[in-house]
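One structure is given below, encoded as structure tokens.
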There are 2 protein chains.
Amino acid sequence: MSSGRHSPRTATRPLEEGTPTQRAIARAARELFERSGYEGTSVREIAAAAGVDAALVIRHYGSKEELFVRVIGFDEHFAPQLDGPLELVGTRLADYVLDPTHDRMRRTLTALLYASDHQNVRTDLQATMRRLLVDRLSARMHGADTVLRAWLVSAQLLGLVHSWDAVDTDHATAAQRTHVANLYGAAIQQLITPPT
Amino acid sequence: MSSGRHSPRTATRPLEEGTPTQRAIARAARELFERSGYEGTSVREIAAAAGVDAALVIRHYGSKEELFVRVIGFDEHFAPQLDGPLELVGTRLADYVLDPTHDRMRRTLTALLYASDHQNVRTDLQATMRRLLVDRLSARMHGADTVLRAWLVSAQLLGLVHSWDAVDTDHATAAQRTHVANLYGAAIQQLITPPT
DNA sequence: GTCTATACGCCGATAGAC
DNA sequence: GTCTATCGGCGTATAGAC
């Protein structure tokens, strides 16, 4: 509704730009959204954590939803995995999203997936995956429908991330993670370099 | 919080059991949840559609979340696709979830996916996929880790459904759907019958 | 036992005074 | 710019009428 225009988001920029107050809000919002998800975080909590009034948060960012998509965006992930040998991209991508070392990235992605009930969030997630994965991957692929196939790879990865939490109840061992990455990676690879 | 015990849900039973009022609530809830999603549907709306007071909805079902997982569960899907020739299951599953004829099933699945911010919903979605897909599929599979691989098939399907809305903006033609089903189906098949 | 009426404490969001 | 006051709506609880 509030047609607040915001420039095409680039990574975590909102946390570094604007007045100190705005940055404090953005930083608090990002941390809370990552920890507790979208529904689990209230504007009043964010305001309290940033040391300001709740109304200010809305004033500066238009709405909770806009604030979310502004601060939850993430940096240049996937790039190293996409630039390696093309036959290994499937497994490397799966391994990447499962690796606990990249917990921050997965929490971000999870937060976006779980907040998909909001259309703006879905649109933002789509734009992010295009920017970070589809554009880069499809450019390296051969054969027909490279862009479509890259989108389907994105769908596979999102499905894996969504389902991982449930499986990862009592945190999986490194060996199990590698095994899953190999299995799922082969399925992803099917779309990147289909057997002739 | 309200530890309202409810028997293991079986398909759409809640819509047919209980007093007429309870059934009216369940039917209205199901319809609204499917059309407008979890966040987009209020308890008061459900009550109005059922012709009762909002408090009664809570009285009968404990909470909005419990009501949701009770009525949004779906029937015995996937079974015909899973029972066919094993080498075709991947494509048939992909085709099934994309087919507009099964719009009802996809809306249900989408509603569950989009409401994943709520832990009870995630648990319910997981239980549903196990019951309808993982158990049945893993029983037919050969080799190692049949259950794990079946779970990864489930993850792939959920990823496809989640991403499909975005791609399906101007509704895809039947030919395009078939094409996507073939591509994605091959990737699913990789996990069901991996090449030796 | 069903159901209504009323109310409580949050929520996201707005208007206007400083 | 920032805070105060306030809005309407939300999910939910309870008292009590039928």
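Note on naming: letters A, B, ... go to the chains in the order of the sequence lines (proteins, then strands), and numbering restarts at 1 for each one.
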Shortest non-hydrogen separation from A:Val161 to A:Arg106 and the atoms involved: CG1-CG, 4.0 Å

Any residue meeting side chain to side chain donor-acceptor pair (under 3.5 Å) with B:His179, in chain and number order, not counting sequence neighbours: A:Asp145

Nearest-angstrom distance from the residue atom NE2 of A:His118 to P of C:dG12: 10 Å

Interatomic spacing from CG in A:Leu157 to CG in A:Leu132 - rounded to 0.5 Å: 11.5 Å

Contact letters for nucleotides 4-11 of chain C, in which S counts primed atoms plus P, OP1 and OP2 and B counts the base, heavy atoms under 4.0 Å: BB-B---B

Gap between atoms CG and P, on A:Asn120 and C:dG12 respectively (whole Å): 16 Å

Spacing of B:Glu39 atom CD relative to C:dG12 atom C1', expressed in whole Å: 13 Å

Length of the OH-P vector between A:Tyr61 and C:dA13, whole Å: 15 Å

Phosphate OP1/OP2 of D:dT2: any A:His60 side-chain N/O under 4.0 Å: yes

Separation of atom CG in B:Leu32 from atom P in D:dC10, rounded to whole Å: 12 Å

A:Tyr96 and A:His77 aromatic ring geometry - parallel, tilted or perpendicular at 30°/60° bounds: tilted

Partners passing salt bridge (Lys or Arg N to Asp or Glu O under 4.0 Å) against B:Arg177 (at least two apart in sequence or in another chain): none

Phosphate-side-chain proximity, A:Thr19 and D:dG1, N/O vs OP1/OP2 below 4.0 Å: no

Distance below 4.0 Å between B:Thr21 side-chain N/O and C:dC3 OP1 or OP2: yes

Donor-acceptor side-chain pairing of A:Glu66 and A:His60 below 3.5 angstrom: no

Between D:dG11 (C1') and B:Phe68 (CZ): distance, integer Å: 16 Å

